[in-house]
Amino acid sequence: MSAVAAPDDVLSVRGLNVTVRDTVLVADVDLTVGPGERVGLIGESGSGKSLTALSILGLLPDDVVADGSIRLAGVGPDLVGTDEKTLSRIRGRDLAMVFQEPMTALNPTMRIGDQIAEVMLIHQTRSGRAAARAAAAELLERVQLPPDLLRAYPHQLSGGQRQRVVLAIALANDPALLICDEPTTALDVTVQALVLDLIVSGVRERSSALLFITHDLAVVATVCDRVLVMYGGRVVESGPITTLFTTPRHRYTQGLLAASNLEPHDAPTASDFADGAYPDSGSGDVAPSSRTRSRRLTTIPGTVPAAGHFPSGCVFRNRCAHATDVCATTPPWTGTATHGYACHHPAGAQDA
Amino acid sequence: MRRLNASLIAGGVIVGGIVLMALVSFVWTPYDATLVDPASRLAQPSWEHWFGTDKFGRDVLSQIMVGSRTTLFVGVVAVGVAAVIGVPLGVLAAMVRRWPSELIMRANDLLLAFPALLLAIMFGAVFGASTLTAMVAIGIASVPSFARVIRSGALQVMRTEYVLAARAAGRQPLPIALRHVLPNVTSLITVQASVSFAIAVLAEAALSFLGYGTPPPTPSWGRMLQESQEFLFTAPRLAVFPGVAIAIAVLGFNLLGDGLRDRFDPKLEDRR
Amino acid sequence: MPDQPAIVATDLVRDFPRPRTSLLTPAPVVHALRGVSLEVKQGERFGIVGESGCGKSTLLRLIAALDRPTSGQIVVEGTDITNLPERRLRFLRENLQLVFQDPMSSLDPRMRVRDIIAEPLVVQGHPASGARVRELLDAVGLPANAGERYPHQFSGGQRQRISIARALAPRPRILIADEPVSALDVSVRAQVLNLISDLVDELDLTLVFVSHDLSVVKHVCDRVAVMNAGQIVETGPTADVYAAPQHAYTQRLVSAIPTLQRALSGATTADLLSHPAAPSKGAPA
């Protein structure tokens, strides 16, 4: 309701900034995930979504600094500024992560079964080696892999199988929060479908909360209840999936939805987004044939600036058709903590 | 304008200094480097002999100066031979089909297994001992490592889509090698060249000691180092001066190699 | 020759020998293509869809004569290229050009953009004038001064524009695009798809568009071939294949694609795994 975090939130991030030397990469990010809630974080490259995840895990590179507050339910200290020793006790137990690249997430010299068992032995969530092995076999079954893979090495598995092993390891200690960073981007569509379903059923069985990071709007809409849109290191809009994707308020969200819509523009579902406000930056004045017209996609002009080169004030204003002088000031957050936007000229407003 | 980097400047200054020293030695040295003066055997460094004299009374500074010619000669010949044969061989092995490539690399392995010094001694026995034959032999012995390193780099380049695009545009193999493969393995070539240079200078020292390198009385840093052995405890400076000279030369060429690599990498052009 | 098909492939087979694992048994063989036949008409936008390892890249290389089939035949614009030596492939090198997936690896990092774009012209002995390079840069929506810079100074989308400019330089009649937007951000993907669409129309190109993403292919192409395990399992008009897939693999593929429309009408991850015979929600009739 208010901007104050509800006391029972599993994850509560307040005023997170991430900087490298003098360059601000993530600015003033607020983010909460309730118990059992599945929250998506979407953005394009350079939006700061992965840095936000790494900040929560305390895994930022050496010269990258986070400040603000990151609190995890049931864990005493603020994760920002906590020493590595404490963090390593939290990671893998209360907080688990699935990365994009399943190739590098597993140790190539260890058997699959040992790697799953290890994470339980490290955190002493199973009493002894035998119990951990039994649990590993069960976890493998839960991600629909045959038990003989326990004795296999990572290179003997396909990419999708490896990602399922990574998921099994992440879920081994029933974490309060699972963070997935582009977990299916490197996978084929049919394999993606299975891994997504395993992630959702995995967190549902454990009542774990999920923070799901991706650039894919359709994936986030299928997996999550609520979503935050990041651009230029800031959260520009957030809200429940259906509301945000049917009536976007921020001009970037609106542009992103329009650009990802591959249906012909005369289709009824597309008319909400195709307001024609975005001049295309494509290839000059080709007279569009009737066939082309239906094939043209709505685009966001220009390109995503490099880190540290986003404009001041509203980070989107140099690509926005609605930008005015007032956009040079940082737009205030309108709405509640879990549903709102930061835009001076929101879509759907009376005077837009 | 492209910025000069620190390695390039430092390496350039050191290598330039050695070249200058070699050039000066043609017209002037404090003493005749081969002049034997029994009266001042094993003299300590002094105003007359800045670096002292050796067991025959020869001026060490003069020998270092003249010896720099040998060192440069050694480096240029050995690295030149190795690069001129090894680079095309490595690129070729990466570009041809399976079995000719196998043939090149197995022949390469055979040569790699053959001791470099033994090859140089054989060359010396057949063609007569001289700095040139020794260095051609060392150069040939360094071909396999060149070919191997360049082949692995060239294989990576051959797998890129820009090579595929060039083939689809009708580029023939030789232009692909010259336009795309070579420019993208230059960093490997410079690194390998500076490593080979160091090996060649040290090999020249060893060969001179065995009598298959630079024949006396022509001064060479390697032979000075070998000759200083018997006085290691009584006159260690005889080992220190040529040793330091070799170390500085190797360092200089390595820095120059690194510097050149960065200088020609367009990705580093607009970085600071 | 207006009615002559642009590309005809007949029963293409391509086997790759793997390194021997034993002296006693023959070297194992990977069957990348197991008898692929297809026909692409002049001016058609033809899509090839399949997941990793299905053989679509191998097929492209065969069509572009960058690799030779183990057996089968490829005819491009009426000429059998199956066993033509490189020196007789000049017509193909001028008329058929490729755009690749990875905007990082498809441009030589050591060459200036103007030299990259001019390369096909130089190779084929055409005068590579600065004017032609500027014209190409303009056609793909890049400023004229882009020619002086190096590839790493551009974003992924801009690099893909450079790739397209290079492909168009020799005025080809067939453009083969291998996953051209898979590595791009959503907002940039739309720009590049529009650019390809416009150029194909404007220059009357035959387009062969390869992707793992059926929804992108559906947007771009008229007809599609679905590949699985080295074979084409289904061919047809894109809208039909998408709306009413016939082959079991295509059905699985179509239902696995998450779309906003399906998600907003309540589809869950479990629905991605079911493959009903009925068309998926949100697909046009």
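Labels below follow one simple rule: chain letters A, B, ... track the order of the sequence lines, proteins then strands, and each chain is numbered from 1. Predicted, not measured: the structure shown is a model, and the values here were computed from it.
More than 12 heavy-atom neighbours from other residues, nucleotides or ligands sit within 6.0 angstrom of CZ on Arg206(A). Residue-environment remark: CD (Glu135(C)) exceeds the threshold of 12 foreign heavy atoms within 6.0 Å.
Taking both residues in full, the closest heavy atoms of Val219(A) and Pro258(C) are given as CG2-CG, 3.8 Å, listed atom of the first, atom of the second, then distance. Between Glu44(A) and Val188(C), the closest heavy-atom pair is OE2-N, 4.3 Å. The two atoms that bring Asn261(A) and Gln261(C) nearest to each other are OD1-NE2, 3.9 Å, heavy atoms only. Of all heavy-atom pairs spanning Ser187(C) and Ile300(A), the tightest one is CB-CD1, 3.7 Å. Nearest approach of Leu257(A) to Leu260(C), heavy atoms of both residues: CD2-CD1, 3.4 Å. Of all heavy-atom pairs between Ala193(A) and Ala256(C), the closest is CB-CB, 3.9 Å.
The distance from atom OG1 of Thr222(A) to atom CG of Leu264(C), rounded to the nearest 0.5 Å, is 8.5 Å. In this structure, Leu273(C) CG and Asp197(A) CG are separated by 5.0 Å, a value rounded to the nearest 0.5 Å. Put simply, CG on Asp185(C) and OG on Ser260(A) are 12.0 Å apart, with the number rounded to the nearest 0.5 Å. To the nearest 0.5 Å, atom NE2 of residue His219(C) and atom CG of residue Leu262(A) are 6.0 Å apart. Taking OG1 of Thr303(A) as the reference point, atom CZ of Phe154(C) lies at 11.0 Å (rounded to 0.5 Å). To the nearest 0.5 Å, the span separating NE2 on His212(C) from CD on Gln192(A) amounts to 8.0 Å.
Among Gly156(C), Ala270(C), Gly157(C), the residue making the largest number of heavy-atom pairs under 4.5 Å with chain A is Ala270(C).
Using a 4.5 Å cut-off between heavy atoms, Val216(C) contacts chain A through both its backbone and its side chain. Heavy atoms closer than 4.5 Å to chain A are found in both the backbone and the side chain of Ser52(C). Both the backbone and the side chain of Val189(A) come within less than 4.5 Å of a heavy atom of chain C.
In this structure, the side chains of Val200(A) and Thr268(C) stay at 4.5 Å or more apart for every pair of heavy atoms.
Shown are Leu195(C), Asn194(C), Leu193(C); of these, the side-chain contact (heavy atoms from CB on, under 4.5 Å) with Thr299(A) is made only by Asn194(C). For the side-chain contact (heavy atoms from CB on, under 4.5 Å) criterion with Thr269(C), the lone passing option out of Val195(A), Leu198(A), Leu196(A) is Leu196(A).
Side chain of Gln191(C) to main chain of Gly302(A): a donor-acceptor pair is present (N/O by atom type, distance under 3.5 Å, no hydrogens or angles).
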